[in-house]
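For reference, the structure discussed in these notes is given below.
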Amino acid sequence: MSFALLKGRTPQLPLVLTLADQSQLSIQRWLRVLPNRRYVGLAKWQGQAVVIKIFTGRKAMAAYQAEVAGFSALQAQAINCPEVLQQHQAGPELAWVISAYLDQTQSLAEAWQQVGSQPYLTEAQECVLGRALVTIAEMHLKGLWQADLHLDNFLTNGRQLWVVDAGSIQQQDLGEPISREAALANLAVFFAQLPNGLAPYLEQLLVHYILVNSSHALPIERLEAEIAKIKRWRLKDYLHKTARDCSLFSVQRSLFKLQAVWRQALPELQPVLANPDQLIAQGHLYKTGGAATVAKVEYSAGGRVTPLVIKRYNIKHLAHWLKRFWRPSRAWHSWQAANRLEFLGIPTPKALAVIEQRWLGLRGPAWFITEYCAGQDIIAHFAPYVQPVAGAEKTPPEAMLQALDQLFALLIRERISHGDLKGHNIFWQHNQWCLIDLDAMQQHQRLASFQRAYAKDRARFLRNWPAESTLYQLLDQRLPQAETLSEEH
């Protein structure tokens with residue numbers, strides 16, 4: 001078989017390629033695919049496991065040369081990276097690099113997933129991030145930095161650390177420290193991808209970097225400003241991706257339908273997407289009629305039963321349709337809102353898909369599909385603490401109260417208002433409070449606008465309990481008042 005079979009997002013596997021030296025390489029699994037640009041696969045070659053990165057299309061040569069130059073620079077400066085076993089330019093639109101496969105390793109992103117749900121900043125979390133910062137400092141000290149800097153670009157076996165994705169390696173006076181401006185910009189890229197809850201620990205984490213590379217003073221204020229700038233850009237870019245066909249999302253548009261799906265879930269969701277109303281009819285209804293119908297549904301895929309929540313936004317009558325057809329549906333707003341929260345690290349059930357039924361582009365009924373949140377809502381969890389028990393004032397567990405503090409702190413930090421913060425829209429799951437029902441969620445640009453919206457959210461949240469109860473008074477004391485919010489939050 002030939003390289004001509006490298007087409008689309010999922011080229012057939014196993015794929016056997018004949019290389020320039022007539023040896024054969026069998027690709028067993030795709031690690032990353034950018035159609036008609038780059039194909040990265042785990043393969044068998046000459047009796048060993050390898051990683052092959054194949055560059056195709058009109059930008060193939062530039063990408064290939066960047067990859068080769070990156071590996072060369074890393075090796076010259078004694079930065080740990082995989083061994084290059086073969087590099088070859090087959091033509092103006094085809095080239096490849098074969099490198100050794102690092103067995104028994106995991107990315108630092110995978111290591112972070114194992115500890116990321118812990119309260120910030122635990123020793124285990126600092127260990128993961130500190131190892132990355134030490135390697136970043138070593139690269140900076142030797143005139144190198146990685147433009148596409150994230151935790152997936154570091155592999156570890158618990159003892160050693162390797163840098164991968166050589167194609168994004170940049171250099172500036174090899175062997176000499178990079179400039180302060182370049183260091184600040186690159187560190188901002190790294191920190192901007194970490195959860196917002198880590199922001200108070202910026203200086204503590206930066207110590208790992210400074211102990212290795214103290215070539216420049218790194219003003220915290222400038223670094224924080226650069227981090228905020230990059231975060232805004234990344235959020236805007238991510239939300240654009242939720243609306244277009246890309247590696248993360250499958251998006252189809254026509255005059256009669258809009259469908260956006262988290263690509264990883266697409267194969268299993270096909271039966272759900274084909275007929276969501278059938279599943280709603282068979283599911284457990286939470287709400288029916290009126291403007292919306294909400295149901296917990298179950299479907300079988302891959303030998304297991306998966307629970308989902310489907311919310312259908314109904315068109316009640318002609319007048320209602322005339323008010324809705326010309327603007328984005330509430331399902332689409334919820335899709336964007338859920339992805340916004342996920343990106344910002346604010347807990348909410350995973351948004352899986354959105355469907356808008358259209359007629360010549362005019363919007364009709366719509367469906368929003370999410371993972372099922374199995375926990376209890378905050379009303380149920382806090383019910384035992386509304387009244388004093390046996391003459392003693394019983395309060396919720398401190399861990400739950402701290403998690404609530406953290407949720408509100410994140411909302412305040414990002415200037416996000418929920419719009420309907422009743423207790424049934426806040427669920428306890430995985431040791432954190434999750435938000436659902438995001439129809440009215442909004443991220444505010446202006447402080448004054450957010451203060452007004454936050455005051456309404458806070459008041460609605462507290463109305464879940466009697467004003468004379470101990471629980472109400474406890475929560476009222478813990479939650480910041482709207483007038484105390486400032487530009488620094």
Under 3.5 Å, is there a donor on one side chain and an acceptor on the other for R131 and T156? yes
Does any non-hydrogen side-chain atom of F368 lie less than 4.5 Å from one of L438? no
Counting N and O atoms only, with roles assigned by atom type, does the side chain of W433 sit under 3.5 Å from a partner on the main chain of M400, one being a donor and the other an acceptor? yes
Between CD1 on residue I227 and CZ on residue R234, distance to nearest 0.5 Å: 11.5 Å
Do D165 and R32 meet the salt-bridge criterion of a basic N to acidic O distance under 4.0 Å? no
Look at atom CD of E123 and say whether more than 12 heavy atoms of other residues, nucleotides or ligands are closer to it than 6.0 Å. no
Do K241 and F249 form a cation-pi contact, if we require the NZ or CZ to be under 6.0 Å from the six-membered ring centre and within 45 degrees of the ring's axis? no
Could you check whether H88 and W96 have their ring centres less than 6.0 Å apart? yes
Centres of the H381 and F427 rings: under 6.0 Å? no
In plain terms, say whether D245 and R9 are close enough for a salt bridge, that is, a side-chain N and a carboxylate O under 4.0 Å apart. yes
F55 and Y39: aromatic ring centres closer than 6.0 Å? no
In terms of ring plane angle, is the pair H444 and F450 parallel, tilted or perpendicular, where the classes change at 30° and 60°? tilted
